[in-house]
> 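Got a structure here, written out as structure tokens. Questions coming.
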Amino acid sequence: MSERNRIVPRVGMVGGGQLSRMTHQAGIGLGVDFSVLAADPADSAALVCGDVTLGDDRGLDDVLAFAKAHDVVTFDHEHVPEPVLRAVEEAGGLLRPGRDALRFAQDKLRMRTRMAELEAPSPRWRAVTTLDHVTGFAEGAEGEAGTGWPVVLKAARGGYDGKGVWVVDGPEEAREVVDRAAAEEVPLLAEEKVDFSRELAVQVARSPHGQVAVYPVVETVQRGGICHEVIAPAPNLSETKALRAQQLAIEIAQALDVTGVLAVELFETADDVVVNELAMRPHNSGHWSIEGARTSQFEQHLRAVLNLPLGSPRTNAPYTVMANLLGGEDPDVYRRYLHVMAKDPEVKVHFYGKDVRPGRKIGHVTVMGDDHQDLLERARDAAGYLRGDQK
Ligand SMILES: Nc1ncnc2c1ncn2[C@@H]1O[C@H](COP(=O)(O)OP(=O)(O)OP(=O)(O)O)[C@@H](O)[C@H]1O
Ligand SMILES: [Mg+2]
């Protein structure tokens with residue numbers, strides 16, 4: 001590689017998915033010297049990034065070599081094993097977020113333990129290794145009242161898009177999950193099934209200087225464990241809950257020493273918000289910010305990991321709605337793409353360059369305006385049409 005005129009340090013992102021792709025896109029305008037460590041040349045970011053290192057984005061040798069070639073390394077997923085992260089840091093690699101922060105996004109048991117220490121509002125939970133633990137948790141044991149069935153069982157590590165989350169109605173269903181987890185040596189936790197009115201998320205960016213910028217609290221609409229739509233800001237959320245959620249996100253980012261973007265997924269209950277999980281990277285619940293905020297979460301992540309002053313998280317419209325584009329049965333999206341553009345010129349379509357497979361996140365659409373109900377309909381309409389729901 002020839003020596004280029006570098007105005008900012010070299011940022012490397014581990015993982016070649018759509019989050020890397022969109023971070024790269026934000027980095028172009030900033031003039032950031034950005035490159036990607038991707039496992040496959042057909043990965044979403046590898047298809048567009050001018051500077052791609054092909055290698056194992058979870059393996060010691062490749063992540064270490066990548067870190068040595070960059071001033072700052074960040075991540076588009078949380079799957080780099082902890083021993084690899086440790087070895088990279090010990091060799092002088094600069095990881096943002098660092099290993100000590102990432103641990104809490106990689107492991108739901110650790111996250112729950114830490115949230116309890118911080119007294120962050122959380123569902124009741126416990127680590128479970130046997131069926132007795134689960135039934136004790138649900139039905140009560142050792143003088144402690146049970147949560148009742150159903151119970152939510154979760155793999156502590158490796159889950160995404162609801163894979164690794166099981167809602168079990170009773171001991172029989174619980175046994176299946178516990179046995180399978182034991183066979184696969186996956187640590188499990190049980191959580192009380194929260195009686196929530198809706199799901200929320202909030203993004204906060206934090207730089208190594210300690211500057212933070214927090215985005216408005218959004219509503220995430222999940223179906224089958226997958227986020228389908230995001231409404232920013234969450235309509236009709238009380239100011240008390242909105243401030244509580246934002247304050248919580250800031251406190252968590254500070255307490256865990258997060259650098260970069262932290263997404264906190266929450267449940268809204270009758271009188272509070274409850275932490276569901278944490279992600280330390282740009283997150284699906286923040287894609288609306290590409291058009292909907294002065295500074296997108298992707299630009300903000302780059303600013304934060306580079307320790308630059310953060311940009312304004314102010315919104316550009318009263319409401320922004322994002323709908324995920326999931327692949328349908330018919331991979332010929334292009335004809336429908338023309339139709340969607342013609343039908344609603346205000347809809348912005350984002351594709352990730354991924355092959356179309358049923359249920360796979362292949363892109364998203366965004367639309368901004370005044371009436372969130374109307375925006376939700378238009379975003380759903382566009383995403384559904386692109387998927388091939390209507391012929
Ligand atoms: N304790 C709970 N009570 C009720 N519903 C829950 C609970 N935990 C999870 N869920 C439901 O399951 C979904 C997925 O759970 P979670 O976010 O923990 O899993 P994940 O697969 O890691 O998600 P992601 O795709 O965000 O990484 C949540 O969005 C929510 O709808
Ligand atoms: Mg989740």
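Ligands are counted one by one from 1 in listed order, and the atoms in each one are counted from 1 as well. The structure presented is a predicted model; accordingly, all values stated were derived computationally and were not measured.
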> If you take the nearest heavy atom of each of Leu278, Val152, Asn284, which one is closest to atom 2 (C) of ligand 1?
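Nearest option to atom 2 (C) of ligand 1, by heavy atoms: Val152.
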
> Nearest non-hydrogen contact with atom 28 (C) of ligand 1 belongs to which option: Glu199, Lys108, Gln222?
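Among Glu199, Lys108, Gln222, the closest heavy atom to atom 28 (C) of ligand 1 comes from Glu199.
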
> Are a donor atom and an acceptor atom from the side chains of His301 and Thr74 found within less than 3.5 Å of each other?
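Per modelled atom types, His301 and Thr74 side chains form a pair under 3.5 Å.
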
> Whether the His283 and Glu265 side chains hold a donor-acceptor pair (N or O, under 3.5 Å, no angle test) is what I'd like checked.
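Note: His283 and Glu265 side chains meet the donor-acceptor criterion.
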
> Looking only at N, O or S atoms in Glu277, which is nearest to the Mg ion (ligand 2)?
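For Glu277, the N/O/S atom sitting closest to the Mg ion (ligand 2) is OE2.
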
> Please identify which atoms of ligand 1 are closer than 4.0 Å to at least one heavy atom of Glu192.
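Near Glu192, meaning under 4.0 Å from one of its heavy atoms, ligand 1 has 1 (N), 2 (C), 3 (N).
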
> Just distances here: any N/O of His283 and N/O of ligand 1 closer than 3.5 Å?
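His283 vs ligand 1: no N/O contact under 3.5 Å.
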
> May I have the step-by-step check of salt bridge (Lys or Arg N to Asp or Glu O under 4.0 Å) for Asp257 and Arg206, ending in yes or no?
CA-CA 8 Å; Asp257 194 20; Arg206 182 172 174 275; 3.0 Å; yes

> Is it the side chain (CB and beyond), the backbone, both or neither of Asn276 that lies under 4.0 Å from ligand 1, heavy atoms counted?
side chain

> Who gets closest to atom 14 (C) of ligand 1 by heavy atom: Leu266, Leu189, Thr147, Val165?
Val165

> Taking side chain to side chain donor-acceptor pair (under 3.5 Å) as the test, write out the residues that go with Glu119, two or more places apart.
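Residues passing side chain to side chain donor-acceptor pair (under 3.5 Å) with Glu119: none at all.
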
> For ligand 1, which is the ligand I care about here, please tell me if Lys193 has any N or O atom under 3.5 Å from one of the ligand's N or O atoms.
no

> To the nearest 0.5 Å, how far apart are CG in Asp62 and CG in Asp56?
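The distance works out to 6.0 Å.
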
> Which atom name does Glu265 have for its N/O/S atom nearest to the Mg ion (ligand 2)?
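In Glu265, the heteroatom (N, O or S) nearest the Mg ion (ligand 2) is OE1.
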
> Any pair with a residue in residues 225-239 that passes salt bridge (charged side-chain N to carboxylate O under 4.0 Å, His left out), sequence neighbours left out, goes on the list, sorted by first then second residue, please.
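For residues 225-239: Arg223-Glu229, Glu229-Arg380.
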
> Please state whether Phe196 comes within less than 4.0 angstrom of ligand 1, counting heavy atoms only.
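Contact present.
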
> Check ligand 1 against Glu265 and write out every atom of the ligand that is under 4.0 Å from a heavy-atom position of the residue.
17 (O), 26 (O)

> Quick one: which of Thr220, Asp195, Val194 has a heavy atom closest to atom 3 (N) of ligand 1?
Val194

> Centroid-to-centroid, His24 to Phe298, below 6.0 Å?
no

> I'd like to know whether Glu117 forms a salt bridge (Lys or Arg N to Asp or Glu O under 4.0 Å) with Arg114, so could you lay out the CA-CA distance, the side-chain angles of the two residues, the decisive distance to 0.1 Å, and finally the verdict.
CA-CA 5 Å; Glu117 286 167 7; Arg114 193 75 182 99; 2.9 Å; yes

